[in-house]
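Okay, so here's the structure we're looking at.
Computed from a predicted structure; not experimentally measured.
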Amino acid sequence: MAPRSDHAGGSAAAAAAAAAAQTHGSDFDSIDPLFHVLLVLPFSFLRPPRTRLRLPANLALPSPMTVFSLILLTYFAVVSGLVYDVIVEPPGIGSAQDPATGAVRPVVFLPGRVNGQYIIEGLSSGFMFLLGGIGIILLDLAVDRTRPRSLRVSFGGAGAVAIVIAYAMAMLFLRIKIPGYLW
């Protein structure tokens, strides 16, 4: 949206801003006329305050590796079903009685229920997804021509092995979870 001058009238400035956004293109290109009204109407009579915010001098941006680690941790938490585990509070691990011996044995996967999981099941599946993502990152590092050849080969091999292990284990988990599926 084009900036509004202080001496222009309210409705004229809104019309000029809308015309400038249409002629020059905007980040908010939309067919919906209500969207344009909601974007232009408040600024026809409201003016944003002129604030001069400064960051504290001792505040520094986090390193890229710190940001990457936080994003990776968040990804692991989301794909492992942490929100589901907090809301539903399932048991960490299940148990089933062996029909032959009558002994109770631990069960990691909740069989037959696609919309339910034990905590360990979610964490192990999330780790396999994370392993596959790290494998893709390693493959990306392997194509960098500025690295030594031995390092590129190591990254490529480790990335390919990580992706194969993650895929094989995810398919195994799926076959345990839903017997007879994908056979």
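- Contact of the Leu41 side chain with the Ser44 side chain is registered, since non-hydrogen atoms from C-beta on lie closer than 4.5 Å.
- By the ring pair (Phe, Tyr, Trp, His ring centres under 6.0 Å) test, Phe109 pairs with Phe173, sequence neighbours left out.
- Linking ILVMFWY residues whenever their side-chain heavy atoms come closer than 4.5 Å, directly or via other members, places Leu151 and Leu141 in the same cluster.
- In this structure, the side chains of Ile178 and Val114 come closer than 4.5 Å at one or more pairs of heavy atoms.
- Side-chain atoms of Val107 and Ile93, non-hydrogen and from C-beta on, never get closer than 4.5 Å to each other.
- Cluster annotation: Ile176 and Ile120 are assigned to the same hydrophobic cluster (Ile/Leu/Val/Met/Phe/Trp/Tyr, side-chain heavy-atom contacts under 4.5 Å, transitive).
- The closest donor-acceptor contact from the side chain of Gln97 to the backbone of Ala103 lies at 3.5 Å or more, if one exists at all.
- No continuous path of hydrophobic side-chain contacts links Val83 to Phe76 [ILVMFWY only; heavy atoms under 4.5 Å].
- Other residues, nucleotides and ligands contribute at most 12 non-hydrogen atoms within 6.0 Å of the CG atom of Leu61.
- When all heavy atoms are compared, the tightest approach of Gly156 to Ala142 is N-CB, 3.4 Å.
- Proximity of a side-chain donor or acceptor of Lys177 to a complementary backbone N or O of Arg113 within less than 3.5 Å is detected.
- Taken from CG in Leu72 to CD1 in Ile134, the straight-line distance is 5.0 Å, to the nearest 0.5 Å.
- Residue Ser125 holds its OG atom at 12.5 Å from CG of Leu130, rounded to the nearest 0.5 Å.
- Within a 6.0 Å radius of CZ in Phe127, no more than 12 heavy atoms belonging to other residues, nucleotides or ligands are found.
- Checked by atom type, the side-chain pair Thr66/Ser63 shows a donor-acceptor distance below 3.5 Å.
- Inter-residue side-chain proximity for Pro90 and Ile119 is flagged as met; some heavy-atom pair is nearer than 4.5 Å.
- No side-chain heavy atom of Val143 sits less than 4.5 Å from a side-chain heavy atom of Leu139.
- Across all their heavy atoms, Leu110 and Gly116 have their closest contact at CD2-C, 3.7 Å.
- Nearest heavy atom pair, residue Ala162 against residue Gly135, reads CB-CA, 3.8 Å.
- In this structure, the side chains of Tyr118 and Val108 stay at 4.5 Å or more apart for every pair of heavy atoms.
- Nearest heavy-atom pair across Ala166 and Gly132 is CB-N, 3.5 Å.
- At least one side-chain heavy atom of Arg152 sits under 4.5 Å from a side-chain heavy atom of Arg145.
- Clustering ILVMFWY residues whenever any of their side-chain heavy atoms sit less than 4.5 angstrom apart, transitively, puts Ile136 in a cluster other than the one holding Met65.
- Cluster membership check: Val164 does not share its hydrophobic cluster with Phe155, using side-chain heavy-atom separations under 4.5 Å among Ile, Leu, Val, Met, Phe, Trp and Tyr.
- Residues Gln117 and Asp85 have side chains in contact (heavy-atom distance under 4.5 Å, counting atoms from C-beta outward).
- Heavy-atom minimum distance, Val104 versus Ser95: CG1-CB, 3.7 Å.
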